[in-house]
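See below for the structure under consideration.
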Amino acid sequence: MTATVAQASELTMAGALNRALADELAGNDRVVVYGEDVGPLGGVFRVTDGLASRFGDGRVFDSPLAEAGIVGTAIGMAMHGMRPVVEMQFDAFSYPAFEQITSHLAKLHNRTRGRITLPVVIRIPFGGGIGGVEHHCDSSEAYWVHTPGLKVVAPGTASDAYWLLRQAIASDDPVIFLEPKRRYWAKEELSDAPVAEFGQAFVRRTGTDVTLIGYGSMVTTLLETAEAAAQEGISAEVIDLRSLSPFDDLTTVASVRKTGRAVVVHEASGFAGFGAEIAARLTERCFHQLHAPIGRVTGFDIPYPPPMLEEHHLPSVDRILDAIDRLQFDDEPVMPRG
Amino acid sequence: MTATVAQASELTMAGALNRALADELAGNDRVVVYGEDVGPLGGVFRVTDGLASRFGDGRVFDSPLAEAGIVGTAIGMAMHGMRPVVEMQFDAFSYPAFEQITSHLAKLHNRTRGRITLPVVIRIPFGGGIGGVEHHCDSSEAYWVHTPGLKVVAPGTASDAYWLLRQAIASDDPVIFLEPKRRYWAKEELSDAPVAEFGQAFVRRTGTDVTLIGYGSMVTTLLETAEAAAQEGISAEVIDLRSLSPFDDLTTVASVRKTGRAVVVHEASGFAGFGAEIAARLTERCFHQLHAPIGRVTGFDIPYPPPMLEEHHLPSVDRILDAIDRLQFDDEPVMPRG
Amino acid sequence: MTATNAAGLLPTAEPRALIDADGSAHPAPDTAMPGPGILADLLRRMVVGRRFDTQATALTKQGRLAVYPSARGQEACQVGAVAAMADRDWLFPTYRDSMAMVSRGINPVEVLTLLRGDWHCGYDPYLHRTAPQCTPLATNTLHAVGLAHAARLSGEDTVAVAMLGDGATSEGDTHEALNIAAVWQAPVVFLVQNNGYAISVPLAKQTRAETLAHKGIGYGMPGVLVDGNDAAMVYAAMSEAIERARAGNGPTLIEALTYRIEAHTNADDATRYREDSEVTAWLARDPIDRLQKYLQDNGILDSTLLAEMTDEAEGKAARLREAMNADPTLDADELFSYVYAEATPALLEQRRMLAEELAAHDASDDERQA
Amino acid sequence: MTATNAAGLLPTAEPRALIDADGSAHPAPDTAMPGPGILADLLRRMVVGRRFDTQATALTKQGRLAVYPSARGQEACQVGAVAAMADRDWLFPTYRDSMAMVSRGINPVEVLTLLRGDWHCGYDPYLHRTAPQCTPLATNTLHAVGLAHAARLSGEDTVAVAMLGDGATSEGDTHEALNIAAVWQAPVVFLVQNNGYAISVPLAKQTRAETLAHKGIGYGMPGVLVDGNDAAMVYAAMSEAIERARAGNGPTLIEALTYRIEAHTNADDATRYREDSEVTAWLARDPIDRLQKYLQDNGILDSTLLAEMTDEAEGKAARLREAMNADPTLDADELFSYVYAEATPALLEQRRMLAEELAAHDASDDERQA
Ligand SMILES: Cc1ncc(C[n+]2csc(CCOP(=O)(O)OP(=O)(O)O)c2C)c(N)n1
Ligand SMILES: Cc1ncc(C[n+]2csc(CCOP(=O)(O)OP(=O)(O)O)c2C)c(N)n1
Ligand SMILES: [Mg+2]
Ligand SMILES: [Mg+2]
């Protein structure tokens, strides 16, 4: 797992994903890439740009317009030893495949006592912030993480996107790969090795007063928040989960036991969102170190808003700073906010 | 909402649901009941027994075998002013309808600024404990409660099943109605009025030391647990949620602030299960009254087990008692167990 | 030996047509040409529709619309379908069918609300018997079946028209809708606008069937193949099917062969997947030109009438441009108002939180100004 | 005028047959009768299959099986399909197809593991090129298409056979599978066992099509209608379709007309939705009787051979009964062993918790005994 990464360089997340697919296609002839418009068009976000012409339409091809069909056939292909990487064009368009994903993709390995392995990767551009119309900005992670048998990952940076996607394709388990579409064009130097193992979280900034936990598009937002908090004399540690399921208890628990405070952030609606699990399990493990209940900053419990109103829905630096302020620092010396 | 309930009597939950459907069909000619095998057969659990012959196949009928089709057409019927009550034969067979439920049923009211209302009830026999083979024992509530626009209810007793179903059909919002299939044959006297409003929880047993929170099949299990705990000198309060979404914060918060301890129980897998939301929101609201982190007793993070192994998966009285014991009572005088 | 009584459900080998690309009448023994008044009205609707479409595309360039999926080239389908419907009938359109909705009488600004982004649907579906434009492909076909069946159960003779594209026919929902409609004999007409592409994917990668209309027989319903750039024919076929449905004789599947002249949306780059020559060839089959020529050759259309049509189109386009240049008024409160018919405590609380946040924000803005 | 070159894809007006209900040869100019050896083998497989089926039903009465969906009456379909397959081909069965799997050579005990309830699937799918029996209807059709396509991409000539029922044809997945298989020209044969019911729902409430085989043309694939109680015909039609697929000429949809003699499962009460007279009528079309009669009339089957078949069937049934009377060994650890290929810390922890719980439990049991 190094290959063409030698000549590393600044890449957008979309470009990094494209290179990861190219490197896997080049390195393993059992890898196939298909879905809607991933062929000649290169995908609506150009993540598969140039792959069909480079690897041929036996390796990278457009499928008929049918998501259950895409996932269902990927299961059959994987049963035959292939490693399909399929794309759902937007979050909400993975829902027609819900039965194939939950009743088969997640369960066939268990059903057959491990005889069938399904190394299928389902790529889903997820979340909002791009002014997309309804159905194009959902955050569906809560559905997937609650489904045993699925691994769920979400990169927050371009370099991590490259390595996580390669790790996902290399994994023998089915992986839901959530791509934060609003960060597709954010650039980063490609590191020459993954920052962490598949399944592990990564501390993107160390701090002592509060732990900020997020994934996907929120990683950037949390780093901005930590910067702003520093101005106010609050030292925030930022954890990029990377892997939502399995969940990295070691990294997160260690941090929260150290800081005694935490805020969990995601775009998805808060009610029964993934943040609830993070808050609940960290509270179970860090109860006596906590100075305040773990805060949650999430989207409201509403359908994703129309483009002109989405700014109100998405977690912002200000909202996260307010959540930090609510963590009962009063008993400790903290600079008052500007 | 009283009608034929005058001549109340002991009923099984299946019988109570059947009577609720009959009373709504009789009382409102816009109510229609359809799905797979709900006609002449009366449903695989006989919940619709006799309704087709009594109300005719224009009101109660078998549909083609297509769950997305059942929910999708129910949406269209509701747009025309009908109040469809449709059945998904088992939890896992609601998954083909996932897109229609999440992308339309839950969102059309919002999409149209309230002009379209969708009083659709989706009945789903849920949970395990009946020795059913794979796909027949899922608990899908976590998927539904995370979807804004849906109301989600689950009765725990026969009488409540009658009233909750009538309230669900009367509601102008789409309702996911989860029927704990292992309790279909449990009997109860039909009360002549609902124990609580639609959307409210109900305290089934009052106690002072710990709050036990559950819904559906777990209500009976929690009452048995409270009985056993009493033997050990622990006074447990039992809350039957009834409505999972919207969630009754008033009733639950009041109880946990009083007892200072809580255990949340459900059959579904624990990871990102509904119990996480319950634990997280109660911790946010009762942090300083809590003596210990809120406990969760749930199914394991595995696909539902085969019949001969399901006993290990389902929350049992013993497991809940153990969870209560872990709530750090040591600092208080409590009789030692057994 | 093929199954006899079912064979009547197969489409004709050649697409049915009334007016050819060159504007001459197409020999059609078993289809009557719509009357002059109807034909002129079809032209008027297409002229107005196309002008609306070009105006909408222009608005995307000026940043007044987030995105717009043009239906240029598909005017005959969109207009022919709507003209054949009664007011009491219901239309279930997709994101592609804005022209049809304008033709249905919906305020163009309300049609574009979804794409401007101030709300998901700008009009009252009941006012115009038109469902919100549907984004999840094929899902609207089931809503049409349900509404049509409910209307029938209620003793009404309402017909539902479901619009979908060639790509959407590959979705499971289309299958379930066609099947349930046939089993229930629901009064529905399924109009497939086969414009050759699903974004970048050509029909050949979507189906192996000789035509999409060949699917009808598999559901026991007639499959009809028509020239989708011939407004007269689309109108005639839709009228036949709607009458059939209204009379209680069940659903019909109509495939209209047409072409998407513009890219999938203004955000798409069609040069990545198709040749310009293909577009040029289809421009020669333009639905407006051919009907205009036919009407002129048959003395139904004179320069005055044509001028009236273009004036109407220009006027409406000007009013649309004007209206869209004004910023819509937004109310963040609305985010919480329609999630449930019965408001929940949690949402009232969240609405309050956002209101406070915005108030605080405005306050600090004022400070800054002060 | 119907679309000509597509018309060849329609089924025959009458179901294709080789041997009639009375055991006489059916005039079939364009279908060759399988050789005597094959016919005798088909009978043997059906005799063994039916005996297995009755044994399984008996085991439900003795509480040794939680539930069993009998396929009595459908022997010709289940056996004809499997006999036509090569070892390297893949079978994608449903819960109804236990007889087919026994005929495929899978240990009957392993076939019944799912229904006994000690695990979800008792056999190694790769050993017998047979997928786990599928419960979510129609979903297996897509797995078959994917595997077949992968095999073709890998240069193999493997064919996949997907089995489904009449009710399952109403599901969206069936549509997507048929369509994708046709577009990809995947080597798949779809065998619909039309046994007249989906639990209690009769075919008339499932489709309005003249036959389910009429769906083929809508995907550009041949739709074949056969007498599903004629093992010779099912075998011949399956062989044709499998060869077609193997040769790279794409998928085929076969509808086999048959009947479910027993209730949906032992838990079902068929008297609620069908007349006994209907069952009686179908008993007269029994697949075993007719083939036996034909073989006897044509001197292919004598009493010795027949005795051999029944002995084999009885022997296998006895061994099955015996094996099923022993309680399966259960290991709760297994609940956590196969959720992921790479074990997760959380599951290792949960496994430990359960193990401790069970150990404590055993301990207290011992105490009690002491
Ligand atoms: C269920 C679903 N999957 C994917 C998409 C993304 N998408 C939007 S339009 C489109 C192509 C549709 O093609 P077609 O049905 O031919 O309609 P057209 O755009 O040509 O009018 C796709 C794939 C969607 N909207 N819904
Ligand atoms: C997706 C899905 N919906 C519903 C069911 C419940 N169910 C099990 S068998 C059955 C009837 C199937 O009928 P058919 O396809 O004709 O097969 P048969 O049982 O007659 O062999 C139903 C509705 C299911 N297993 N899967
Ligand atoms: Mg198209
Ligand atoms: Mg059947």
Side-chain angles (χ1 to χ4, degrees), chain B residues 29-30 32 34 58-59 61-82 84 96-97 99-100 102-120 148-151 171-174 198-199 243 245-250 281, chain C residues 90 92 114 119-127 131-154 156 158 160 162 171-173 175-184 186 188 334-347 349:
Chain B
D29 64 4
R30 304 302 285 162
V32 292
Y34 67 101
R59 304 281 312 280
F61 51 94
D62 291 324
S63 67
L65 212 169
E67 293 78 11
I70 290 168
V71 174
T73 53
I75 289 169
M77 289 202 197
M79 282 176 67
H80 192 273
M82 291 203 160
E99 179 186 33
Q100 285 288 349
T102 54
S103 288
H104 287 305
L105 184 64
K107 297 185 172 74
L108 263 161
H109 186 70
N110 183 72
R111 183 175 305 147
T112 58
R113 285 198 164 102
R115 280 148 180 157
I116 289 176
T117 57
L118 296 178
V120 174
L150 299 178
K151 289 184 172 176
S171 165
D172 280 337
D173 289 306
F198 196 60
S243 175
S245 177
F247 186 83
D248 183 346
D249 286 309
L250 290 177
R281 71 191 296 115
Chain C
W90 268 83
F92 289 81
L114 166 71
W119 201 258
H120 310 293
C121 173
Y123 53 92
D124 179 345
Y126 291 96
L127 216 58
Q133 281 180 294
C134 189
T135 296
L137 295 165
T139 54
N140 58 323
T141 58
L142 283 163
H143 308 160
V145 174
L147 185 134
H149 188 54
R152 188 140 167 273
L153 289 175
S154 315
E156 301 170 13
T158 310
E171 291 279 5
D173 278 15
H175 169 72
E176 298 187 12
L178 289 166
N179 187 53
I180 296 172
V183 171
W184 291 353
V188 188
E334 279 201 296
L335 290 173
F336 309 91
S337 308
Y338 318 113
V339 182
Y340 293 96
E342 298 144 8
T344 67
L347 284 180
E349 169 63 11

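Lettering of chains follows the sequences in order, A, B, ..., and the numbering in each one begins at 1. Values below: every heavy atom of this structure, side chains too, minus hydrogens, waters and symmetry copies.
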- Which pairs with one or both residues in residues 68-80 of chain B pass salt bridge (charged side-chain N to carboxylate O under 4.0 Å, His left out), sequence neighbours excluded? none
- Tell me, side chain or backbone of C:L335 under 4.5 Å from chain B's heavy atoms, or both, or neither? backbone
- Task: Pick one of side chain, backbone, both or neither for C:V183, based on which atoms fall under 4.5 Å of a heavy atom in chain B.
- Result: side chain
I want to check something: taking the side chain as every heavy atom from C-beta on, are [X] and [Y] in contact at a cut-off of under 4.5 Å?
X: B:Q100; Y: C:H143; value: yes
X: B:M82; Y: C:S154; value: yes
X: C:D173; Y: B:E99; value: yes
X: C:Y340; Y: B:D172; value: no

Which atoms of [X] come close to chain C, meaning under 4.5 Å heavy atom to heavy atom: side chain ones, backbone ones, both, or neither?
X: B:R30; value: side chain
X: B:A68; value: both
X: B:S245; value: side chain
X: B:P246; value: side chain
X: B:K151; value: both

Calculate, to the nearest 0.5 Å, the distance between atoms [atom1] and [atom2] belonging to [X] and [Y] respectively.
X: B:D173; Y: C:E342; atom1: CG; atom2: CD; result: 5.0 Å
X: B:H80; Y: C:W90; atom1: NE2; atom2: CH2; result: 8.5 Å
X: B:I75; Y: C:L147; atom1: CD1; atom2: CG; result: 12.0 Å
X: B:D29; Y: C:L153; atom1: CG; atom2: CG; result: 11.0 Å
X: C:N179; Y: B:L65; atom1: CG; atom2: CG; result: 10.0 Å
X: B:F61; Y: C:H149; atom1: CZ; atom2: NE2; result: 4.0 Å

Could you tell me which of [options] has the largest number of non-hydrogen atom pairs under 4.5 Å with chain B?
options: C:G146, C:C134, C:P125; answer: C:G146
options: C:A151, C:G122, C:A131; answer: C:A151
options: C:L114, C:T158, C:D124; answer: C:D124

- Query: Which pair of non-hydrogen atoms, one from B:L108 and one from C:P132, has the smallest distance, and what is that distance?
  - Reply: CD2-CG, 3.8 Å
- Nearest heavy-atom approach of B:I116 to C:Y126 is CG1-CE1, 3.8 Å
- Item | Sidechain-backbone polar pair: C:Y123 side chain, B:T112 backbone, donor-acceptor under 3.5 Å | no
- Message: Using a 3.5 Å distance criterion without hydrogens, assess whether the side chain of C:Y338 forms a donor-acceptor pair with backbone atoms of B:K107.
- Response: no
- If you tally heavy-atom pairs under 4.5 Å against chain C, which of B:L150, B:T117, B:L250, B:V71 wins?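 Winner by heavy-atom pair count: B:L150.
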- Message: Please rank B:G81, B:S171, B:P174, B:G199 by heavy-atom pairs under 4.5 Å with chain C and give me the top one.
- Response: B:S171
- Query: Can a donor-acceptor pair be found between the side chains of C:T139 and B:H104 at a distance below 3.5 Å?
  - Reply: yes
- Message: Could you work out, with ring pair (Phe, Tyr, Trp, His ring centres under 6.0 Å) as the rule, every residue matching B:F247, not counting sequence neighbours?
- Response: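 None.
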